[in-house]
Each structure stands twice: as C-alpha cells, then as structure tokens.
Protein chains: 4
Amino acid sequence: MVEGSPLRADAQRNRARILDAAEAVFAEFGARASTEEVARRAGVAIGTVFRHFPTKNDLLAAIMKRLLAQLVEEAGKHDLFAFFTHVVAQAAAKKTAVDLLAESGVDIRLSEAVSHLEEAVSSLLKQAQAAEAVADSVQLPEVMALLASVCQGALHGGWGEHLQARTLAVIFAGLKQVGQGGCRG
Amino acid sequence: MVEGSPLRADAQRNRARILDAAEAVFAEFGARASTEEVARRAGVAIGTVFRHFPTKNDLLAAIMKRLLAQLVEEAGKHDLFAFFTHVVAQAAAKKTAVDLLAESGVDIRLSEAVSHLEEAVSSLLKQAQAAEAVADSVQLPEVMALLASVCQGALHGGWGEHLQARTLAVIFAGLKQVGQGGCRG
Amino acid sequence: MVEGSPLRADAQRNRARILDAAEAVFAEFGARASTEEVARRAGVAIGTVFRHFPTKNDLLAAIMKRLLAQLVEEAGKHDLFAFFTHVVAQAAAKKTAVDLLAESGVDIRLSEAVSHLEEAVSSLLKQAQAAEAVADSVQLPEVMALLASVCQGALHGGWGEHLQARTLAVIFAGLKQVGQGGCRG
Amino acid sequence: MVEGSPLRADAQRNRARILDAAEAVFAEFGARASTEEVARRAGVAIGTVFRHFPTKNDLLAAIMKRLLAQLVEEAGKHDLFAFFTHVVAQAAAKKTAVDLLAESGVDIRLSEAVSHLEEAVSSLLKQAQAAEAVADSVQLPEVMALLASVCQGALHGGWGEHLQARTLAVIFAGLKQVGQGGCRG
DNA sequence: AATGAATGAGAATTCATTCAT
DNA sequence: GATGAATGAATTCTCATTCAT
C-alpha cells in the first residue's frame, strides 16, 4: 500500500482533527451534514479538508476505516459476548458513522479494513466455540450480520441500556443453542 | 381525525401513483432522491406532488405510514417466526423505506401507525409463548428491537437468502431458549 | 364602457366576497399573498377567482378602483382638512392596498377612477380656499401628492394617532400659509 | 459587534458590486426581483451572492443600511430644508429601496442605522429652530414622518421637479408656522 | 500546504394560470 | 358558472468542488 511521502507535522495534525470533527458532525447531523461544517468544527478552512480527502466520499470512507480499525483493536481485548456488548453500546453512545455509510450513493472500498475486522471476530468466535459458549454450527457470516444489525438497531432505535441488554440476551442465547431444537423438544 | 372532503377520482389516482413512485425511488436512491424524480416516475408534474404532500417529509411520512399498515396486515396471516422471516425478506427485497426515515432530520409523527404494528406483533408473541415456541421471559420491546435491527441489517447488508435464514435461526433459537442458560448448564 | 350581461345573483355575490377577501389578504400579507389564499378567505375555489378576474393584476386593479370610489364618496362628507385626516387614519387602520399597487410590475389602468377622486378633492380645495383656510397659491397636484405621501407614510410607518395628528398639523399649517413667507418675516 | 476578519480584497470588491447591483435591480423591479438577476447584474455567480448575504432579506437589509448611512453623511452638508429637498430628489431619482423594505414580510433590524439618521436630522432641526426657520413646537418624530412620507410619495408618484418643489413648499411653510394659527387669525 | 472566496448545478417549494369535470 | 386538481416556470437556498492568493 503506497502512502505517499510522510505528511508534514502540521498536515498530520490537521488530518486527525478533520477526522475527529467529521466523525462528530456526521454523527450529529447525518451524512447530509456539509463538509463546510466539518471544516468549521475542525478549525481548518474548507480547502484543507479537500486537500486531505479529495471528495466527501473519501472522507466518509476514511472515518469508516478508522472506526473499523478501532473495532479490531477492541476485539483483541474481549471475548465474543463482551465484544458484542461493547460494540453495540458504543454504536448507541457514539452514534458511529456505520449506518451513514450505507446511505445513498456512498461508494466505498473498505474491503481490507472490513476483512481485518472479520478476522478478529472470527478469532473470537472460535474461542467461544472452544469454550462451548457458542454452538459449533454457527458461522462467521451470521455473527457479522447480527453484529451489524444490532448496531444499527441500537443506533436508530435509541435503545436504553436495559433494552440493549435484553436484546443481546436473546441473541447470545441463540448463538449458544441454535440448531439444538430446544433442550429436548 | 378530519379527512377533508373525499378526493376526486383523478386526484385519488395520482396520490396512489405518487406514493408508489416515491416508494420505488426512495428505495432505489435513498431519501436523498429528489422529489422531481418521484414526480417523473409517477408521470405527474412536480407541482402535483407538492399539492398532495406539502413537504418532502410529508411524502416520506406517508410512505412509512402505508408501509406499517401493510405490516400490520401481514402480521394477521402468520405466526411470529413466519412474520419475522417474511418481514426481513421483504425488507431486503423491497428495500423498504424503514431505514430512510431514521435518516437525517426527518421528523415524523407516526406513533399511531407504529402502535398498531406493536399490537399486532404483541399478539403474535403471545401466541408463540402459548405454544411454548418462545420463552415466557421474552418481552415485546426486544422483539420489536430485533425485528427492526434485522430488517436494517438485511437492507443495508444485502444479505442473500441463505445468510438471512442462518441469522434468523440464531434469533429464533434465542427467543425460544433465552433465560434457560442452556439445556442444563 | 361595456359591462357585458348582468351577473347572475350568485356570481354577483361571489365577486363581492372575493374583493373583500382580497382587500383583507393583500392588506395583511402584501401583494405577494397568493391568489389561493384569497380564494380560501373568500370561501370560493381558485377557479372562481380567475373567472371573475382573469389575472392577479385585474384583481388588484379592481380593489384599487373600489377603494378610490369609496374615497370619492368620503370626500362628499367632509371639508379638506377633515378629509385628509380621515383618509390618513383609514390608510393606517385599513392598511389599504394603495401602496401595494405601486409595487413591481403591477400595471393598472385606473385613470377614470383617479380622475373622479381628483375632482372630488379639487372641489374640497376650492371650498377651503374660499373659506381662506388654504392659501390661494396652492394647487391640486401638490394636495394630491401630499395626500398620497402621508397615506403611505402612515401605512408604512405605523404611526400612532398622536404622530398622525402632529404630522397633519404641519401640513395643514403649510397649506394655509405657504407663499406668505411667514407672518411678516 | 464582531466584524470577523477583514475580507479579502476580491471578496470586498464583490460585496460592493453585489450591493450596487442589488440597489439598482430592486429599484428597477421592486423587492420581487430575483436574487439571480442581482447576481447577473453584479457579474458573479448566484452562490457568491448567498455567501455574502445568506438570505435575500440580509441583502435587502444591507442595502437599507448603506442607504441610511449615506443619508447621515448628506445631513452633515445641508440645513434642514436643503436636506429635505435633496433627499426627496434622490428618492425619486435613485428610486431608493426605502419603500421596498416596508414590503411584505421583510424583517430587518436596522435600529442602529436608523438612530444615526435620527440624530443627524435632530441636529438639523435644532439648527433650523435656532434660526427661527422652524417653529419651536415642531418635534423630531413628525419631521421624520414627513420626510419618509414625502420620499415615498415622490418615489411612487413619479413627481416631476416642479411638483416636488410645490409639495415641499407646503411642508416648509407648515414647519415654520404650525401652531401659530395663521398670522393673527 | 493552507486558505477561503467563487462557482454553478441541483433541490425544495411557491404560485399564477389552465382545464377537465 | 363553479370547482379544484394539474401544470410547470420561477425562485430561494445548499453544497460539493475548484482555484487564485
């Protein structure tokens, strides 16, 4: 992966400030928020934003990439259930850009970052299955799907902690016992 | 609720065509799609759309309302699991407006339509619990939350049928066995 | 002047209601108010307005015509000073359409109605001069100009009664003594 | 009052061109004239107008403010009568925006600029009274009212120079002798 | 590299006017 | 004659993107 020449110190700093501002702004107003507002929040001029991210999509993609990288890091610190819980809580709290990216027309190549996350979750899944906390029949795709679904649900639904816990409890029970047709029934 | 005078036949027809067009257009392009495109698709002039729905939000709200009413109708024909499956499949297939409404700033009063849906699902839930297909400890809020989450997941994630089935299987197992801590463990 | 066939009773009634509504609406919102609002206020459909007044300008012209006719009638009941006072008070109170007509692009042929008013005022002026209440050098044009000016001033300025009285006092004094260079100075 | 950072030279130039164009356009077509026309006349793109004046009202308000400031400046060069004459002549000649602002719904905070003008006129009034050219009983409010009235009259009425002079003569005589009830009568 | 003004296509919304019923 | 839905041009305002400084 070519990163070009290393950024000058101030450019590096600006890039980070822009990403932080963008995450906050898009979380607050949705992907419709203007790039101008991001620049204002970051304390830089609009031109600087476009120098770092040639299009708005590039900016959204960069946010997403960073977010996924953070998730990978989190995955290393938890078991599958704790990870799920943590991520869902984060989604609601930080109003992550996750869903925004799915919106109209945002075309993003994130496969690399996504596959890192999938690897991390896959590893958690294997551990959980080794510990018999998750049924052996469960595969990675549905785990990812459930994770994404519940994050978006939490994000859009504005769930409280209690509802979050109850919803996750259903999913955790399902992950453990799916395919067993109930205890004996 | 005042409905005003009944619409003239042609106006009634246009209203329906606009709603159909809007559902299709917003499904295809997201809520950012222009009202102009909706008019074009409906085969009417832009002014006609705005006569029927004074703002774009009114149009989105009307779509949502109709969608929820359709869901209530579906609920009457299925048990809880079939309903879940059906709705999720629909979400992916029809790319319903569900999620679009959660987007940026769309302010909608839909409580009535939503509570109808909740009643319908509540009734399905009770049946399923009576049939011992769902654990007694499960409550309506988490069922609604799971439904919404999985719909959005399916919608954004572009799941295939197979993944849909596997994901739902986890949730169904969870609904049945949550709170039992496994068969005997 | 051809008036066409006499209007049907209901048409006659509608015409009057539309004029009343239009006067009120344009007074309240300015000439920018929509013809639709006028129709609503008059309790008729938009098409009816356009049947009576083929364009919006025709409607504005009709209001103006009626207003001027009313002024002519008033002129018959007062002396020049009372007339001035009365008209200015009316202008502020009824927020007449006077000024609205001067607005952008409204093209109106009102010469006939205007000349009636001028005749009426001319007559008042002659009486006042005969009574030595107005200097002989004063001519009709400046009286009309002052009348129009002060009406618009009152209308736009939102004068209270007191300011109205003081302003008119200056003008009345001027009408009496212009050309005398003061008492002796 | 925060003025922000000083504008770049080109922005400053554009701002002035836009104001000039707007004054001319609104004078010619009324406040209904489109912002697009203003941009065209100013030789800038529509976006540039909106960058300088976020809404059309802001643009109208800015014109008004500049106009009032010019009047204050004029006031310093004349006595009360010359000022009156000058302003009325200007009103007719330049078709100032004065009246346009009173139109439909234009909401403007101009108190500061207005009070500057009032101070200037107040000063002229005192001088004139000291010179016994205006009766002591005359107060500022009616002077302002007469000024505004006559400007609007001149503007809407399309007076010629001669009528202007005769109308002002009445007002000047009134200002001198009001309250004296005629020479002796 | 950063700045921030200029650009101009595009979107929502309004409204006079027409026309089928 | 009345009705009121349909029309579509015009208008205000937004925003991603470019470019001179």
Side-chain angles (χ1 to χ4, degrees), chain A residues 7-12 14-15 32-40 43-59, chain B residues 4-5 7-15 32-39 43-59, chain C residues 7-12 14-15 32-40 44-59, chain D residues 4-5 7-15 18 32-39 43-59:
Chain A
L7 291 175
R8 247 168 47 182
D10 55 345
Q12 184 82 56
N14 274 342
R15 200 191 130 92
R32 311 244 282 226
S34 75
T35 311
E36 191 96 36
E37 176 61 27
V38 172
R40 194 157 29 241
V44 302
I46 181 71
T48 304
V49 176
F50 276 89
R51 165 160 283 266
H52 283 280
F53 307 97
T55 71
K56 193 183 184 181
N57 273 5
D58 292 332
L59 177 55
Chain B
S5 47
L7 288 175
R8 243 166 53 180
D10 56 344
Q12 184 84 58
R13 199 159 41 244
N14 274 341
R15 201 192 129 91
R32 309 245 282 231
S34 77
T35 311
E36 191 91 37
E37 176 61 28
V38 172
V44 302
I46 181 69
T48 304
V49 176
F50 278 93
R51 165 167 275 264
H52 285 278
F53 307 97
T55 70
K56 193 182 184 181
N57 273 6
D58 291 333
L59 178 54
Chain C
L7 290 175
R8 244 165 52 180
D10 58 342
Q12 184 82 59
N14 274 342
R15 201 191 129 91
R32 310 242 285 224
S34 75
T35 312
E36 192 95 37
E37 177 61 27
V38 172
R40 192 157 31 241
V44 302
I46 181 72
T48 305
V49 176
F50 276 90
R51 167 160 281 268
H52 284 280
F53 307 97
T55 71
K56 192 183 185 181
N57 273 5
D58 292 331
L59 177 54
Chain D
S5 48
L7 288 176
R8 242 165 54 180
D10 56 345
Q12 184 84 59
R13 200 160 40 245
N14 274 340
R15 200 192 130 93
I18 290 167
R32 308 245 282 232
S34 76
T35 311
E36 192 92 36
E37 176 62 26
V38 171
V44 302
I46 182 69
T48 304
V49 177
F50 279 93
R51 165 168 274 264
H52 284 278
F53 307 97
T55 70
K56 193 182 182 180
N57 273 6
D58 291 332
L59 178 54

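Keep in mind that this is a model prediction, so the values were computed, not measured. Throughout, protein chains are lettered first and strands after them, A, B, ... in sequence-line order, and every chain is numbered starting at 1.
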J.: Indicate the atoms forming the closest heavy-atom contact of Asn14(B) with His52(B), along with that distance.
T.: CB-NE2, 4.0 Å

J.: Rounded at 0.5 Å granularity, tell me how far CD in Glu37(A) sits from CZ in Arg32(A).
T.: 15.5 Å

J.: Distance check needed: dA2(F) P versus Arg15(C) CZ, whole Å only.
T.: 12 Å

J.: To the nearest 0.5 angstrom, please state how far the CZ atom of Arg40(A) sits from the OG1 atom of Thr35(A).
T.: 11.0 Å

J.: Does dA6(F) have OP1 or OP2 sitting under 4.0 Å from an N or O in the side chain of His52(B)?
T.: yes

J.: Can you check the Arg32(C) CZ to dT11(F) P distance for me, whole Å?
T.: 11 Å

J.: Rounded to whole angstroms, how far apart are CG on Leu59(A) and P on dC15(F)?
T.: 15 Å

J.: Mind checking Ala39(D) for me? I need base, sugar-phosphate or nothing, with any heavy atom below 4.0 Å counting as a touch.
T.: nothing

J.: Where the side chain of Thr48(A) is concerned, which of dT7(F), dA2(E), dT3(F) is the nearest nucleotide?
T.: dA2(E)

J.: Measure all distances between protein nitrogen or oxygen atoms and nitrogen or oxygen atoms of nucleotides 17-21 of chain F, and list the pairs falling under 3.5 Å.
T.:
residue	atom	partner	partner atom	Å
dT17(F)	OP2	Lys56(A)	N	3.0

J.: On a heavy-atom basis, which atom in Val49(B) and which in Ala39(B) lie closest, and how many Å separate them?
T.: CG2-CB, 3.7 Å

J.: Check Arg15(B) against Phe53(B) and note the closest heavy-atom contact, atom names and distance.
T.: NH1-CE2, 3.5 Å

J.: Quick one: Arg51(D) CZ to dA16(F) C1', roughly how many Å, whole number?
T.: 13 Å

J.: Applying side chain to side chain donor-acceptor pair (under 3.5 Å), name anything that partners Arg51(C), two or more places apart in sequence or on another chain.
T.: none

J.: With a 4.0 Å cut-off on heavy atoms, is Ala9(C) in touch with a base, just the backbone sugar-phosphate, or nothing at all?
T.: nothing

J.: Output the rounded distance in Å from CZ (Phe53(B)) to P (dA11(E)).
T.: 20 Å

J.: For a quick test of reading the model: is some side-chain N or O of Ser34(A) closer than 4.0 Å to OP1 or OP2 of dT14(F)?
T.: no

J.: Does dA2(E) have OP1 or OP2 under 4.0 Å away from a side-chain N or O of Asn14(A)?
T.: yes

J.: Measure CD/Glu37(C) against C1'/dA16(E) and give the value in whole Å, please.
T.: 15 Å

J.: Mind pulling the stems DNA chain F is in, i.e. runs of at least three Watson-Crick or G-U pairs, everything under 3.5 Å?
T.: E:2-21 with F:2-21

